[in-house]
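Read through the structure below, which is laid out as structure tokens, and then see the notes.
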Amino acid sequence: LVTSALPYANGPIHIGHLVEYIQTDIWVRFQKLRGNRCIYVCADDTHGTAIMIRARKEGRSEEELIAAMSESHQRDFSGFGIEFDHYGSTHSDANRELCGEFWKSLRANDLIAEREIEQLYDPEAQTFLADRFVRGTCPKCGKKDQPGDNCVCGHTYSPTDLIDPKSTLSGATPELRKALHLFVELDKLHEFLATWIDSSDALQSETANYLKGHFLANELRDWDISRPGPYFGFEIPDSPGNYWYVWFDAPIGYIASTKQWCDANGEKLEDWWKSDDCEIHHFIGKDITYFHTLFWPGMLKTAGYSLPTKVRIHGFLTVTGEKMSKHTKPAYLRYFYATKLTARVEDIDLGIDEFTDKINSDLVGKVVNLASRVGKFASSTGLSATYPDDGGLFQAAADAGDEIAAAYESCDYSRAMRRIMELADAANPFVEHAKPWEMKKDADRQDELRDVCTVALNLFRQLTIYLTPVLPELAQQCGDLLGEEITSWEQSKTPLTGTAVAKFQRMMDRVQPEDLKKMIDESKELAAEETKQDNLPTFNDSDQPLKDEPLA
């Protein structure tokens, strides 16, 4: 079972988000290509003050807003080749029921505390302010315009600790008011969490060390799990007027989305979330690490659900220091991300020159080049009845399959892409030296031409099989050309012979730097216009989601 973070229903998908969904989709496609049963679920994260405020501003209900955003998100995901087995919503009956189940478990295990707290209230917007709606000066380092719960210096705090706080909703100076809040006493799970982080291999080593050094070395703070009304979300059954905080019901949405898929496919939820036979893999950004590695495992343990097998954490994306919108060719973006993603938590920079070079040199100049240089001849010759002598090229690439698969498995896509391009570098000289375009002119060399086409197209097919998780569209084009759909990793071990070859169709075009620069400029204009129209901050300067607007 595989999940990505739940995109928040208050804004569109941009290519910063797509790092994660493409990373996850590649891993899922790889698992399926290897013959493993792999289900990929996700959902829109729909609750919170931001949704309520935006719906009010736009003069429509929250339900209408989240329905429109879900349609938009799914359309964008589909456009980039991201395929979910089920895509749900946290605003569902399934999620409400599961939230109730988790809540009863927390109550039964004496993990809930209730107390009045002073909270910032916006007198103009007439609402209590969640952390993300307050900005001010950090009480530790003095940096201005910081969000309500943490500073870029790494210090965490309550929004009431901020110096000169301001509401991002109205610009008003908030005032302190008392309200009842409910808390999960997380430190009661301290020993369990410390043992889990130490004994499991669910986390990258740098993440485990970070948690032990920054959180588990001290007493864990109580987790504020409720928000007073008005609030768009699920009202807590045994605490009228209070609502589960968005970060409570969002991760439970993973299970709810799985349940909806199970109900639609005659499956049992416990086979996926309460079974030792099922691995659970979460893909998330580094900004939401502690939600998925402290709060979420504690909730799962308490409610009797399986703990994650792996929490796979990635870094952020910058585009030569700037954000960029989602408008680019899907295959190119998927490949570029694959060349940059490793098993470590590292940020990715999307530079124009590097992007252009990788696409034009690797995909167009090496991989597709193998097919395009013989494709126009092969439709008349077909493939040889037996595989010709290629000097060991096909066997060498077949032998590399396990190494490439191991890189995919560990999410070290960068290593997989480098190895695949090494194979492409070895394959291309075969065509260059054979000169099939000269063979075509000589009637006595047509059998030789067929053999060259057979080798070149089989090496191309082999590379395409290895690239299928990243480039499903290229896999489809390869299948159409050679008359056999790519469905299994094992196809890379056996050459295709004795079959017809379809008329060659152009597969990829080169990227022009000026086109990419123009796209980035247009995207900046779109982003600026969205910000102007919305006036609701979604991301801070480092593109890190603020905590009341999570990518769950």
Side-chain angles (χ1 to χ4, degrees), residues 33 331 335 359-401 404 416-417 419-443 445-510:
L33 195 64
Y335 178 72
I359 301 307
N360 293 345
S361 174
D362 292 359
L363 295 187
V364 180
K366 295 179 182 179
V367 178
V368 172
N369 186 59
L370 271 174
S372 64
R373 300 195 82 177
V374 301
K376 56 188 174 182
F377 310 134
S379 60
S380 60
T381 66
L383 300 183
S384 302
T386 58
Y387 189 72
D389 180 12
D390 66 359
L393 289 170
F394 187 91
Q395 188 58 50
D399 292 342
I404 296 168
M417 296 308 104
R419 191 68 183 92
I420 293 168
M421 289 309 136
E422 288 173 3
L423 299 177
D425 285 334
N428 273 280
F430 176 88
V431 179
E432 189 65 33
H433 294 152
K435 296 182 173 58
W437 45 91
E438 293 184 2
M439 294 179 182
K440 178 66 176 175
K441 302 173 185 176
D442 189 339
R445 301 185 69 188
Q446 296 310 292
D447 289 344
E448 193 178 351
L449 174 62
R450 180 184 295 109
D451 284 350
V452 170
C453 291
T454 300
V455 170
L457 289 176
N458 268 285
L459 296 178
F460 164 70
R461 174 174 174 267
Q462 211 171 25
L463 295 173
T464 302
I465 291 168
Y466 293 150
L467 286 167
T468 292
V470 179
L471 302 172
E473 185 177 350
L474 182 64
Q476 179 66 49
Q477 291 171 321
C478 178
D480 292 343
L481 177 67
L482 300 179
E484 182 178 284
E485 184 181 357
I486 294 175
T487 59
S488 169
W489 190 266
E490 293 300 303
Q491 290 171 283
S492 64
K493 296 180 179 179
T494 306
L496 195 63
T497 55
T499 63
V501 177
K503 183 178 179 182
F504 183 79
Q505 303 291 332
R506 192 175 186 87
M507 292 179 175
M508 284 189 179
D509 295 313
R510 295 175 65 84

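Residues Thr499 and Leu482 are not in side-chain contact: their nearest non-hydrogen atoms beyond the backbone lie 4.5 Å or more apart. Met508 places none of its side-chain heavy atoms less than 4.5 Å from the side chain of Tyr335. Put simply, the side chain of Leu363 reaches to within 4.5 Å of the side chain of Leu471, judged on heavy atoms. Within the 4.5 Å cutoff, the side chain of Gln505 has no heavy atoms near those of the Leu481 side chain. In this structure, the side chains of Thr497 and Thr386 stay at 4.5 Å or more apart for every pair of heavy atoms. Here the side chains of Phe377 and Val452 are not in contact, with every heavy-atom distance at 4.5 Å or above. Side-chain contact between Met417 and Leu467: present, with at least one pair of heavy atoms (C-beta onward) separated by less than 4.5 Å. Within the 4.5 Å cutoff, side-chain heavy atoms of Trp489 are placed close to those of Ile404.
Between atom CG of residue Leu474 and atom CG of residue Leu463 there is a gap of 9.5 Å, rounded to the nearest 0.5 Å. To the nearest 0.5 Å, atoms CZ (Arg461) and OG1 (Thr494) are separated by 8.0 Å. Interatomic distance, CD1 of Ile420 versus NZ of Lys366, reported as 12.0 Å (0.5 Å rounding). Here the OG-CG distance, from Ser384 to Leu457, works out to 10.5 Å after rounding to the nearest 0.5 Å. Rounding to the nearest 0.5 angstrom, the gap separating the CD atom in Glu490 from the CG atom in Leu33 is 9.5 Å. In this structure, SG on Cys453 lies 11.0 Å from CD on Glu448, to the nearest 0.5 angstrom.
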Show the numbers, then the answer: is there a side chain to side chain contact (heavy atoms under 4.5 Å, CB included) between Asn428 and Leu370? CA-CA 6 Å; Asn428 273 280; Leu370 271 174; 3.9 Å; yes
Would you sort out whether Asn458 and Tyr387 count as a side chain to side chain donor-acceptor pair (under 3.5 Å), showing the intermediate values? CA-CA 9 Å; Asn458 268 285; Tyr387 189 72; 5.5 Å; no
Given the rule in the side chain to side chain contact (heavy atoms under 4.5 Å, CB included) test, do Thr381 and Thr454 qualify, once you have shown the distances and angles that lead to the verdict? CA-CA 9 Å; Thr381 66; Thr454 300; over 6 Å; no
With side chain to side chain contact (heavy atoms under 4.5 Å, CB included) as the test, would you mind laying out the steps for Ser379 and Phe504 before giving the verdict? CA-CA 7 Å; Ser379 60; Phe504 183 79; over 6 Å; no
Chi angles and distances behind the side chain to side chain contact (heavy atoms under 4.5 Å, CB included) call for Asn369, Ser372: CA-CA 5 Å; Asn369 186 59; Ser372 64; 4.0 Å; yes
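When all heavy atoms of Ala456 and Val431 are compared, the closest pair comes out as CB-CG2, 3.7 Å. Of all heavy-atom pairs spanning Ala426 and Pro429, the tightest one is O-CD, 3.4 Å. Of all non-hydrogen atoms in Phe394 and Ser492, the two that sit nearest each other are CZ-O, 3.4 Å. Here the shortest heavy-atom pairing between Val374 and Pro436 reads CG1-CG, 3.9 Å. The heavy-atom pair separating Thr464 from Ala475 by the smallest distance is CG2-CA, 3.6 Å.
A salt bridge is absent between Arg445 and Glu438; no separation between the charged side-chain nitrogens and carboxylate oxygens falls under 4.0 Å.
Distance alone, capped at 3.5 Å, is enough to place a donor-acceptor pair between the Gln491 side chain and the Glu485 backbone. Put simply, the side chain of Gln462 never gets that close to the backbone of Lys493: no donor and acceptor are under 3.5 Å apart.
Considering only residues two or more places apart in sequence or on other chains, Lys440 meets the salt bridge (charged side-chain N to carboxylate O under 4.0 Å, His left out) condition with none of them.
Counting non-hydrogen atoms of other residues, nucleotides and ligands closer than 6.0 Å to NZ of Lys503 gives a total of 12 or fewer.
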